[in-house]
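See below for the structure under consideration.
Here, residue 1 is the first one in the sequence, and each next residue gets the next number.
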Amino acid sequence: LTNDRSIISTRVMYHKETPGIADKIDSNISEWINQFAGKTALNTRWNLAPDGDIDGISGATITSEAITRVLSEAVLK
């Protein structure tokens, strides 16, 4: 995070997600995690689309919501 609580970058270091579906949280497999760069408490609706600004992973809603929740909590603290 920057001083203004903007996300610089996000990476998942370890996971046991379902191969081919939720493993898209891994930046070596998908660009999905990169959507959080530049997001702040002020410029982001921290919900999955269409109600929010975060694109979910098809078939991995719980994983998408969990990562979104953790990052929003970090930014909003």
Side-chain angles (χ1 to χ4, degrees):
L1 291 175
T2 64
N3 288 340
D4 69 349
R5 316 251 353 129
S6 175
I7 295 174
I8 298 169
S9 179
T10 304
R11 293 292 178 269
V12 174
M13 304 303 292
Y14 174 78
H15 69 84
K16 291 184 178 181
E17 294 295 349
T18 305
I21 300 174
D23 65 347
K24 292 179 181 172
I25 62 175
D26 185 333
S27 63
N28 293 318
I29 295 172
S30 168
E31 293 290 317
W32 181 83
I33 199 78
N34 295 331
Q35 72 178 308
F36 294 98
K39 302 247 187 270
T40 69
L42 299 176
N43 76 356
T44 306
R45 293 176 300 146
W46 290 97
N47 295 305
L48 298 182
D51 298 325
D53 295 326
I54 309 302
D55 293 326
I57 298 171
S58 181
T61 304
I62 293 171
T63 299
S64 301
E65 288 175 342
I67 290 175
T68 299
R69 184 185 71 251
V70 166
L71 292 173
S72 71
E73 289 173 359
V75 169
L76 297 170
K77 278 188 177 186

Original post:
Between Arg69 and Asn47, do the side chains contain an N or O donor and an N or O acceptor separated by less than 3.5 Å?
Top reply: no
Original post:
Cluster question for you: counting only ILVMFWY and a side-chain heavy-atom cut-off of under 4.5 Å, with indirect links fine, are Trp46 and Leu1 together?
Top reply: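 Yes; tracing contacts between hydrophobic side chains, which count when under 4.5 Å, links both residues.
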**OP:** Treat each ILVMFWY residue as a node, draw an edge where side-chain heavy atoms are under 4.5 Å apart, and state whether Ile21 and Leu48 are in one component.
**Re:** no
Original post:
If every non-hydrogen atom of Asn43 is compared with every non-hydrogen atom of Gly38, which pair is closest and at what distance?
Top reply: ND2-O, 3.3 Å
Original post:
With respect to Thr44, which candidate in Ile7, Ile54, Val75, Leu71 satisfies the side-chain contact (heavy atoms from CB on, under 4.5 Å) definition?
Top reply: Ile54
Original post:
Who are the salt bridge (Lys or Arg N to Asp or Glu O under 4.0 Å) partners of Arg45, not counting sequence neighbours?
Top reply: Asp53
Subject >> Results of salt bridge (Lys or Arg N to Asp or Glu O under 4.0 Å) for Asp26 - residues two or more places apart only >> reply: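 Salt bridge (Lys or Arg N to Asp or Glu O under 4.0 Å) list for Asp26, sorted by chain: empty.
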Subject >> Beyond-backbone contact of Leu42 with Asp4, side-chain heavy atoms, under 4.5 angstrom >> reply: no
Can you give the donor-acceptor pairs under 3.5 Å from side chains of residues 58-66 to other protein atoms, not counting sequence neighbours?
{"from": "Thr63", "atom 1": "OG1", "to": "Glu17", "atom 2": "OE1", "distance (Å)": "3.3"}
{"from": "Thr63", "atom 1": "OG1", "to": "Glu17", "atom 2": "OE2", "distance (Å)": "3.3"}
{"from": "Ser64", "atom 1": "OG", "to": "Ile57", "atom 2": "N", "distance (Å)": "2.8"}
{"from": "Ser64", "atom 1": "OG", "to": "Ala60", "atom 2": "O", "distance (Å)": "3.0"}

**OP:** Determine yes or no for a side-chain-to-main-chain donor-acceptor pair under 3.5 angstrom, with Arg5 supplying the side chain and Ala74 the backbone.
**Re:**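 A pair under 3.5 Å: yes.
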Original post:
Is there a donor-acceptor pair closer than 3.5 Å between any side-chain N or O of Trp32 and the backbone N or O of Asp23?
Top reply: no
Original post:
With a cut-off of 6.0 Å (strictly less than), are more than 12 heavy atoms of other residues, nucleotides or ligands near NZ of Lys39?
Top reply: yes
